[in-house]
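First comes the structure, then the notes that go with it.
Side chains are part of it too, since the values below use all heavy atoms of this structure and drop only hydrogens, waters and symmetry mates. Starting from 1, each residue takes its place in the sequence as its number. Quick caveat: nothing in here was measured; it's all calculated off a predicted structure.
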Amino acid sequence: MANPLARARYMLAAHNPRQLPPDGGFEVAFAGRSNAGKSSALNAICQQNALARVSKTPGRTQQLVFFDIPPTTDRFLVDLPGYGYAKVPKDLQAHWQAFIDKYFGTREALKGLVVVMDIRHPLKDYDRQMLGYAVGRGLPAHAILTKADKLGRGAQGNAMQAVRKQMQAEFGDAVSVQVFSGESKQGVDEARAVIGGWLQL
């Protein structure tokens, strides 16, 4: 089956709300700590090598980066700033925080959130905060446990069950979870199906 997300391309980067595209259509946002493998996951899902820049210096994404999906004119993937390693001034962090607060609080086009977590270090404060944003808005969220190729099958299953149990306790049924590897392509089809469903592609 053809992958409509393979047509995704860079559209714009917004550093403040005025730079966002018109609030219409369908958007799926991607969040993840700086070293969780978010860029690699985006690239694997979209079958592209360099759609999202895989940086040797984690935390380089300092804007909301929009990718459109031709031939549609109102379907977007949105790459949110990664936190954790980003060595940035406190005032800039506060700016991002306010910007993302506003984006999650008011953006009508936002249809779902993908939170990318390293399977070996899941559910850090940032991950919980982003999931909380989505659940608070009544949006579906999907957790992708990346770098699954670093663990054996048994350890993968145990990690996923532990995360699922924790998320159930904190967020109820609002968040789904899967294992994923951009390296081995494990779970790529599953993630693509979730995102394609939210975007109604």
Discussion item. Are the side chains of Lys124 and Gln129 in contact, using a 4.5 Å heavy-atom criterion?
Written reply: no
Practice prompt. Apply side chain to side chain contact (heavy atoms under 4.5 Å, CB included) to Leu77 and Leu42, showing your working.
Written response: CA-CA 9 Å; Leu77 301 174; Leu42 251 169; 4.1 Å; yes
Fill in: Donor on one side chain, acceptor on other, Gln63 and Gln19, under 3.5 Å
no
Fill in: Validation row: Thr146, Ser40 side chains within 4.5 angstrom (heavy atoms)
no
Item to complete: Among residues two or more places apart or on two chains, list those pairs meeting salt bridge (Lys or Arg N to Asp or Glu O under 4.0 Å) that have a residue in residues 190-199.
Response: Asp189-Arg192
Worksheet item: Testing Val175, Leu123, Ile119 for side-chain contact (heavy atoms from CB on, under 4.5 Å) with Val163, which one passes?
Response: Leu123
Response to the item:
Closest non-hydrogen atoms of Ala14 and Phe99, given as atom of the first, atom of the second and distance, are O-CE2, 3.4 Å
Item to complete: Answer yes or no: is there a side-chain heavy-atom contact under 4.5 Å between Ile100 and Leu64?
Response: yes
Worksheet item: Under 3.5 Å, is there a donor-acceptor pair between the side chain of Arg75 and the main chain of Leu199?
Response: yes
Discussion item. Whether the side chain of Gln156 engages the backbone of Leu151 through a donor-acceptor N/O pair (distance < 3.5 Å, no angle test) should be reported.
Written reply: yes
Discussion item. Using a 6.0 Å distance limit plus a 45 degree cone around the ring axis, check whether Lys38 lies over the aromatic ring of Phe30.
Written reply: no
Discussion item. List the residues meeting salt bridge (charged side-chain N to carboxylate O under 4.0 Å, His left out) with Arg137, not counting sequence neighbours, and say none if there are none.
Written reply: none
Practice prompt. Answer yes or no: is there a side-chain heavy-atom contact under 4.5 Å between Met160 and Asn158?
Written response: no
Item to complete: With rounding to the nearest 0.5 Å, note down the distance linking CE in Met117 to CZ in Arg128.
Response: 9.0 Å
Worksheet entry | Glu183 atom CD, over 12 foreign heavy atoms within 6.0 Å | no
Worksheet entry | Within-4.5 Å side-chain heavy-atom neighbours: Ile195 and Ile45 | yes
Worksheet item: Is it true that Arg107 and Asp23 have a side-chain N and a carboxylate O under 4.0 angstrom from each other?
Response: yes
Discussion item. Checking Asn43 against Gln48 for the side-chain hydrogen bond (donor to acceptor under 3.5 Å, both in side chains) test, could you report, in this order, the C-alpha distance in whole Å, the side-chain angles of both residues, the deciding distance, and whether it holds?
Written reply: CA-CA 5 Å; Asn43 289 339; Gln48 299 188 37; over 6 Å; no
Item to complete: List in chain and number order the residues that pass salt bridge (charged side-chain N to carboxylate O under 4.0 Å, His left out) with Asp149, two or more places apart in sequence or in another chain; answer none if no residue qualifies.
Response: none
Worksheet item: What are the two closest non-hydrogen atoms of Pro122 and Asp127, and how far apart are they?
Response: C-OD2, 4.1 Å
Worksheet item: Of the options Leu113, Val28, Leu110, which is the one that meets Leu139 in a side-chain contact (heavy atoms from CB on, under 4.5 Å)?
Response: Leu110
Fill in: Side-chain donor/acceptor of His95 to backbone N/O of His15, under 3.5 Å
yes
Worksheet item: Is a salt bridge present between Glu27 and Lys111, judged by a nitrogen-to-oxygen distance below 4.0 Å?
Response: no
Fill in: Student check: side-chain heavy atoms of Leu145 and Gln178 closer than 4.5 Å
no
